[in-house]
J.: 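Quick one: structure below, then a few questions.
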Amino acid sequence: MGVKLGILGLGTVGTGTVQLLQDVVGRNPLLQEVEIYRVGVRSLAKIRDVELPADVLTTDLESIVNDPAVDIVVELIGGLEPARSLILQALKNGKHVVTANKAAIARFGAEIFTTANQAGVYVMLEAAVGGGIPVIQPLKQSLSVNRIHTITGIVNGTTNYILTRMQTEGSNFSDVLADAQKLGYAEADPTADVDGLDAADKIAILASLGFDGRINLEDVYCEGIRQVSKTDITYAEKLGFVIKLLAIAKQYTPSSPLSVRVHPTLVAKAHPLASINGVYNAILVEGEPIGQVMFFGPGAGAGATASAVTSDILNLVAVLKTSTTNPNPLLTCGHQDYCEIAPITELVTRFYARFLTKDQPGVIGKLGTCFGNYGVSLESVVQTGFQEGLAEIVVVTHDVREGDFRQALTEIQNLEAIDSIPSLLRVL
Ligand code: HSE
């Protein structure tokens, strides 16, 4: 007997998934068991890139999650509602769920996984992070024998595309964003991408898997790339760095709170993440005893994301084909407790800061004194440029507690010679 899918949504990813499932020759033979039984769409009139029998399409999404014949619901509509309610209803009805919806999982994961566990079904989300890159199942299975200490990702293709173009063309953020919107690389409303919210959802999910606990999204520190200027990209380049929007989850010792954050970051050119350019994503996982493992690939796109969605479907087909009623602990989400997340002020990191100051004797000395008052040690200080009569001074610190660094900055801001501090970036 075939495994019946109810697919919710026939946009880019839904269409890619249907195409993949309609052309299974040469792919895993288990996919031949899958039947595209219902597909929920917003409009029946819309011209589609896939052919489906008329009785498969419906605009009644609730009827799909309530249909006793459906074995697996594949949620590809995205957004918070009605996705959340449809997922919950499907789970309560005993259906397994595959979803690409990082926003819903990052916010409602506790409710969704509790409901799934109660119903004895699985929620699969390979496509929610890193598009086509297999990273969720590796974290849940292959890497789960390691003690993970750091997950560092470039998990948003839009911002990586913008930063890469700013770097290679020497262009401004707003010019590249406008062009990226024209070319379809950025949304008309780019907020979720450029303000780091999409990356925050994704690192919350990765941290939850890597550190085996729930993550409260509100505890994830999030800074986007709007304030990254071409001046900083040029300075970073001179200092041996590129600027990337990184999503980082780190646990310094097995008992310490997690640091989970998204922010533009100076990355040394020799670091493996420095060469990830354009719309590509990469996730570097570090742990014991494995050391470093990096996953690289397309973070979005119809075919790539369909690959991830279909791999989840395949896993579930295998589950449905085996007779055991015991839940597979490598597919369930077992953790109940929330991870403790340290406030950003407790972060210990290096900083890059750019100051505009009066060009007069003793300014660098005063900066050094203020930093010294808060235990901030400087790795390098350069003064190369002038902007509208003001001297431009760029400082890179050694590791410092962020709270101490910010206190030093407050004191520096009050110095008569300081005009402004246009940029402040963390260094990996
Ligand atoms: N908006 C995302 C990105 C793609 O730019 O990477 C889907 O997760």
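Note that ligands are numbered from 1 as they come in the structure, with each ligand's atoms numbered from 1 the same way.
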J.: Is the contact between Lys102 and ligand 1 made by the side chain, the backbone, both, or neither, using heavy atoms and a 4.0 Å cut-off?
T.: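 For Lys102, the contact with ligand 1 is made by the side chain alone.
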
J.: Look at atom 5 (O) of ligand 1 and say which protein heavy atom is nearest, naming residue and atom and giving the distance to 0.1 Å.
T.: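 Ranking protein heavy atoms by distance from atom 5 (O) of ligand 1, first comes Thr158 OG1, 2.5 Å.
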
J.: Using a strict cut-off of less than 4.0 Å between a Lys/Arg side-chain nitrogen and an Asp/Glu carboxylate oxygen, indicate whether Arg261 and Glu223 qualify as a salt bridge.
T.: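 Salt bridge flag = no for Glu223 with Arg261.
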
J.: For Lys202, counting its heavy atoms only, list the atoms of ligand 1 lying under 4.0 Å from any of them.
T.: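 Answer for ligand 1: 2 (C), 6 (O), 7 (C), 8 (O).
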
J.: Indicate yes or no for a side-chain donor-acceptor contact from Asp312 to the backbone of Val98 under 3.5 Å, with no hydrogens or angles considered.
T.: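 Side chain of Asp312 to backbone of Val98: no pair is present.
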
J.: Say whether Asn281, considering both its backbone and side-chain N or O atoms, lies within less than 3.5 Å of an N or O atom on ligand 1.
T.: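 N/O-N/O distance below 3.5 Å does not exist for this pair.
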
J.: Identify, by atom number and element, the atoms of ligand 1 in contact range of Gly157, meaning under 4.0 Å from any of its heavy atoms.
T.: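 Those qualifying, in numeric order: 3 (C), 5 (O), 6 (O).
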
J.: For atom 4 (C) of ligand 1, grab the closest protein heavy atom and report residue, atom and distance to one decimal in Å.
T.: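 Result: Ala300 CB, 3.9 Å.
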
J.: Between Phe371 and Phe405 (judged by ring centroids, cut-off 6.0 Å), do the two rings come close enough to count as a pair?
T.: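 For Phe371 and Phe405, the ring centres are under 6.0 Å apart.
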
J.: Test Leu206 against every option in Ile248, Ile151, Ile215 by the side chain to side chain contact (heavy atoms under 4.5 Å, CB included) rule and name the one that passes.
T.: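 Checked Ile248, Ile151, Ile215 against Leu206; only one passes side chain to side chain contact (heavy atoms under 4.5 Å, CB included): Ile151.
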
J.: Is the closest side-chain donor-acceptor distance between Asn66 and Asn93 under 3.5 Å?
T.: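 Yes.
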
J.: Looking only at side-chain N and O atoms, does Ser229 offer a donor or acceptor that is under 3.5 Å from a partner on Asp232?
T.: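 Yes - a donor-acceptor pair under 3.5 Å links their side chains.
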
J.: At less than 4.0 angstrom from any non-hydrogen atom of Asp198, what atoms of ligand 1 do you find?
T.: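 It comes down to these atoms of ligand 1: 2 (C), 8 (O).
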
J.: In terms of residue, atom name and distance, what is the protein heavy atom nearest to atom 1 (N) of ligand 1?
T.: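 The closest one turns out to be Asp193 OD1, 2.9 Å.
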
